[in-house]
Asker: 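Structure incoming, see below.
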Amino acid sequence: MSSEISGILLDQADRLFAQHVTRERLVEADAGRWPEAIWQAVEAAGLPLALVAEEAGGAGLAAADGMRLLRRVGYHTVPLPLAETMLAAHLWAAAGGTVPEGPITLGPCNDGDAVALDRAGAGFTLRGRLHRVPWGGQAGHVLVHARDAGGTARLALLARPPAGNAERTNLAREPRVTLDLDGIALAEDAVRPAPKLAEEGLLVLGALVRAQQMVGAMERSLDYGLTYANERKQFGRPIGKFQAVQHMLAIAAGHYAAAAAAADFAAQEWGSARFGFAVAVAKARAGEAAGAVAEAAHQVHGAMGFTQEHPLHYATRRLWSWRDEFGHEALWQERIGRQVCAAGGTALWPMLVGA
Amino acid sequence: MQAFQFDTVTLPPEAEAMRRRVRAFLAEERAAGHLSGRGSWSAFDPEFSRRAGAAGFIGVTWPREFGGHAQSFLVRYVVTEEMLAAGAPCGAHWVADRQSGPQILRHGSEAAKRDILPRICAGECFFAIGMSEPDSGSDLAATRTRAVRTEGGWLINGSKIWTSRAHRAHYLIALVRTGEAGEDRHGGLTQFIVDLAQPGVTVRPIRNLAGGHEFNEVFFKDYFVADDRMVGKEGQGWSMVTSELAFERSGPDRFLSDYQLLAELIDRVGEAPGERQAVEIGRLVAHLAALRRMSTSIAGMIESGRSPGVEAALVKDVGTSFERDLPEVARRIVAVEPSVDDGEDGFAAALADVELHAPSFTIRGGTREILRGMIARGLGLR
C-alpha cells in the first residue's frame, strides 16, 4: 500500500474513532459492557485486518503505518482489543492461517507465562495457563504462542475457552482475565510454525503495541492539559500564563517527544536484527514518560481532573495500566542493561547507531 | 497535538559512508597516540582540529568555493556524533564549525567569507561566542555593549562575559547595540566579527569551579571594526541570534557531553551486572537512544530548510537533563569516591570530571528555564 493511501486510511480511522468512541460508550465500556457498535464500525472499516497482507484479504498497511494507526487507537481511548486483534491477525496470516472474523486476543502476555504443546495423535493438546489476557472473556479467538516437546515455537489459534477471573480488569476497566488451556485439543491445521517475528514469544510485539498506544494516550492527555491551561482562569488570567504551569507542561512535552521518538525507532526496526533492542527502548522510555505525563496533566486540571466528569481519566488510567502490561519499565531496562554490559562500553555506540 | 513534529529520518548512504571515513580517521588518530583513552570532546587541541580539517570534517555543509564540502546536514550530523562519541578533542573548532561559520556564510560580507571560511574549514581558525554580558545573561535583549559609527566602520565599547575559549580563539561574533531597542526590545542589535588579536580588546580569565580556565571576560575599549565585518544588516542581530541558537541547541553535543562516563560505567559494572545496575544502565541507554532519534530528526528538518526552534529547545532541555542525571545514576550504582587525581581509576576520574562540570550543562546555550519558556510558547501557552 502506498504511503499516500495509508495516510488516507489513518485520517479515516481518526474520524471514525472520533465519531464512534462517544462519552456514553466509554461509560458503558467502563461498566463492563462490550461496545459492539464501535466494534461493528471498526470491522466494517477493515481495521482489524490493517496489518494483514492485501493478498490475504487485509489492508496491507506497512508496519510503521500500522503503528501510527495504533497511536490513534490510544489517542481516542478506543475500548476494544483492536491492537491485539491487528497483531494476532497479522501473525496468523503471516503463519499461513486464515484469519477468522471478530476480535482476537493473544498470549502469553507476561514474562512468567509459558504454554507447551503435546502431540496427541494427528493433532496437539495444550498445557499451560495465561494470566491477565486482554478481553479474554470477550474475544472470539485466542492466538497462543507455545513450544512443542522439541522446543520449536508455534502459534495456535483456538476458539476462546471459558475465562477464569472473568470480572478482573485493569485500571481503565479493560478486561484482563485468566485462560486455562490445559488439555485443550487442537487439530493439526490449528497449529502453525511461528513466523520469525514471534519465535521468541509475544512479549516483544505486545510491548511494541502498548508503547504506541501510550504515545497516543500521552498526546491526548497533553491536549487536555494545554486546552485547560489556556481556558481556566485564576487570579485574573489563564493558568497557562503562570511559569510554574508552563514549565510543568514543557517537561511533560519533553517526555512525550522522547517517548514518541523511541516508539518511532521500534516501528522502524520492525523485524530487523535490532528489533528486540528497539522495542525494549520504546517500552521502557514510553512507560517512564507515561507516568510523568499523566501526573502533569492531572496537576494542571486541579480537582476537575480528579472527577469522573472530566474525560482526562480515560487516557490517564490507560497510561497507568499499559505501562505495566507486556513488561513494566524495569523488565525492559534490565534487558537493555544486560545486553549493553555484556557487550562492553566500547560496543555501546555501534549498538545505538546500528552501524 | 500539533505543536511540534519529529519526523523519522533515515540516514542516506552517503552519511553512513562518512561514518566509516570518520571512524577510520579516528582509528588512525588513536594508533598515532593523539587520542587519550576516553577524553572529553570539548578539549582544545589545535593540532587535532588541523588534521580534522585536512580530512574534510569541518565545514561539511558549506560550498566548495569557501573550502567546504557541499554535503547535507545529515552527513554533518554523522561527523559530529562520531567525533563526540569517540571523545575526540573538537573544542578548538567546534563553535566556528557549528554556528559562527554558518552565520558568516549566510549573512557575512563577501570579504569576510573569503577571508575566514576557508581557514575555518582548514581547522586553523577558531571562534568564541560574544552574546552574554554582565547584566545580560538569559536576557539578551538587555545587551549594553555599544557600537557607534566612525569613518569606515564602527567603534565598540563595553564587555562580554562567559566567553568560552576567548583566550585561545582568533575571533568572536559580538552581539552589540547599534540603535534603540524599540517596544519589543528586539531592535537595535547588530552582530560584528571581532578579531581578538587587534588592539582595543582585552581578555581576562575567569576560573571555573573545577579549577579550569575555559571562560573569560572580554573588554572592548574603542575597538575598531570595519564595515565589512558586520554580519547581516544593522539592527538584524536579534533574529540572527535566535536562528543561530537553533543550531547551537539541537546537536548531539547537547546529550553527549558526558557520554564517556556512560562507557566507563558500563565497563566498571562489568559483563554480569547486578539487577539494579542493569536496570539503571538500561534506563540511561533507553533515554539516550530516544534523544539520538530526536536530534537526527532535527538534522533532517534543517536539511529540508525548516527552522525547528521549538524542537531544538526541547532536545536541549531533555538532553541536558539526561546529562545531569548520568553522574547521579553512576554514583548510585557504583560505590566509588570521585577523584580528579586518581590516575589509576578511569571511572573515578571520569565521574569527578563530570560532577564538577555538570552545573554548566543546563546553563550554557540557554538555561533550562529559558528553554522551558520557549517550549511552553511553542505549545501554545502564552
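In what follows, chains carry the letters A, B, and so on, assigned in the order in which the sequence lines appear, proteins first and then strands, with residues in each chain numbered from 1.
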Asker: Report which part of B/Val310 has an atom under 4.5 Å of a heavy atom belonging to chain A: side chain, backbone, both, or neither.
Answerer: neither
Asker: So, does B/Asp267 use its side chain to make a donor-acceptor pair with the main chain of A/Gly345 at under 3.5 Å?
Answerer: yes
Asker: With a 4.5 angstrom heavy-atom cut-off, could you sort out which part of A/Ala355 is near chain B: side chain, backbone, both or neither?
Answerer: both
Asker: Quick one: closest heavy-atom pair of B/Met294 and A/Ala257, and the distance?
Answerer: CE-CB, 3.7 Å
Asker: Does any heavy atom of chain A fall under 4.5 Å from the side chain of B/Leu314, the backbone, both, or neither of them?
Answerer: side chain
Asker: To the nearest 0.5 Å, what is the distance between CD1 on A/Ile251 and OG on B/Ser321?
Answerer: 7.5 Å
Asker: What part of B/Leu262 gets within 4.5 angstrom of chain A, counting heavy atoms only: side chain, backbone, both, or neither?
Answerer: side chain
Asker: Heavy-atom pairs under 4.5 Å with chain B are the metric here; pick the option from A/Leu331, A/Asn230, A/Thr346 that has the most.
Answerer: A/Asn230
Asker: Highest number of heavy-atom pairs under 4.5 Å with chain B: which of A/Ala258, A/Ala330, A/Ala229, A/Gly240?
Answerer: A/Ala258
Asker: Side chain from CB out, backbone as N, CA, C, O: work out which of these in B/Arg23 comes under 4.5 Å of a heavy atom of chain A, or both, or neither.
Answerer: side chain
Asker: Measure up the B/Phe4 and A/Tyr256 rings against each other and bin them: parallel (under 30°), tilted (30 to 60°), perpendicular (over 60°).
Answerer: tilted
Asker: Using a strict 4.0 Å threshold on nitrogen-to-oxygen distance, state whether B/Arg283 and A/Glu288 make a salt bridge.
Answerer: yes
Asker: For chain B, which candidate among A/Val245, A/Val353, A/Leu226 shows the most heavy-atom pairs at distances under 4.5 Å?
Answerer: A/Val353
Asker: Could you tell me if A/Trp349 and B/Glu82 have a donor-acceptor pair between their side chains, going purely by distance under 3.5 Å?
Answerer: yes
Asker: Are there more than 12 heavy atoms of other residues, nucleotides or ligands under 6.0 Å from atom CZ of B/Arg331?
Answerer: no
Asker: Would you say that more than 12 heavy atoms from the other residues, nucleotides or ligands in this model lie under 6.0 Å from the CD of B/Glu16, or not?
Answerer: yes
Asker: More than 12 foreign heavy atoms under 6.0 Å from CD of A/Glu200: is that the case here?
Answerer: no
Asker: With a 4.5 Å cut-off on side-chain heavy atoms, are B/Leu381 and A/Lys241 touching?
Answerer: no
Asker: At their closest point, which heavy atom of B/Ala290 faces which heavy atom of A/Ala262, and how far apart are they?
Answerer: CB-CB, 4.1 Å
Asker: Test side-chain contact (heavy atoms from CB on, under 4.5 Å) on A/Phe265 and B/Thr296 and set out the steps.
Answerer: CA-CA 11 Å; A/Phe265 175 40; B/Thr296 316; over 6 Å; no
Asker: First locate atom CD1 of A/Ile336, then atom CG of B/Leu284, and finally report the distance between them rounded to the nearest 0.5 Å.
Answerer: 10.5 Å
Asker: Within residues 268-282 of chain B, which residues come under 4.5 Å of chain A, heavy atom to heavy atom?
Answerer: B/Val269, B/Gly270, B/Glu271, B/Pro273, B/Gly274, B/Glu275, B/Ala278, B/Val279, B/Ile281, B/Gly282
Asker: To the nearest 0.5 Å, what is the distance between CE on A/Met351 and CG on B/Leu288?
Answerer: 12.0 Å
Asker: Evaluate A/Leu348 against B/Tyr259 for side-chain contact (heavy atoms from CB on, under 4.5 Å), listing each step before the verdict.
Answerer: CA-CA 10 Å; A/Leu348 173 61; B/Tyr259 178 78; 3.5 Å; yes
Asker: Please report the shortest heavy-atom distance between B/Arg292 and A/Leu352, naming the atom on each side.
Answerer: NH1-O, 3.9 Å
Asker: Nearest 0.5 Å, please: how far is CG in A/Leu249 from CD1 in B/Ile375?
Answerer: 11.0 Å
Asker: Please look at B/Leu84 and chain A and tell me whether the side chain, the backbone, both or neither of the residue comes under 4.5 angstrom of a heavy atom of that chain.
Answerer: neither
Asker: Side chains of A/Gln243 and B/Arg372: any donor to acceptor distance under 3.5 Å?
Answerer: no
Asker: Testing the basics here: between B/Leu379 and A/Ala253, what is the closest heavy-atom pair and its distance to 0.1 Å?
Answerer: CD1-CB, 3.9 Å
Asker: Within this structure, what is the CG-OG1 distance for the pair A/Asp264 and B/Thr8, rounded to the nearest 0.5 Å?
Answerer: 3.5 Å
Asker: For the candidates B/Arg377, B/His287, B/Arg19, B/Met374, which exhibits the highest count of non-hydrogen atom pairs separated by less than 4.5 Å from chain A?
Answerer: B/His287
Asker: Looking at chain A, which one of B/Val318, B/Leu11, B/Val285 has the largest number of heavy-atom pairs inside 4.5 Å, strictly under?
Answerer: B/Val285
Asker: Counting heavy atoms not belonging to B/Glu303, are there more than 12 under 6.0 Å from its CD?
Answerer: yes
Asker: Which pair of heavy atoms, one from A/Val281 and one from B/Ala289, lies closest together, and at what distance?
Answerer: CG1-CB, 3.8 Å
Asker: Heavy-atom cut-off 4.5 Å, strictly under: side chain, backbone, both or neither for B/Glu81 against chain A?
Answerer: both
Asker: Please test A/Gln268 against B/Arg293 for side chain to side chain donor-acceptor pair (under 3.5 Å), starting from the C-alpha separation and ending with a verdict.
Answerer: CA-CA 11 Å; A/Gln268 200 181 12; B/Arg293 291 284 302 192; 2.5 Å; yes
Asker: Pick whichever of A/Ala261, A/Ala343, A/Pro238 has the most heavy-atom pairs under 4.5 Å with chain B.
Answerer: A/Ala261
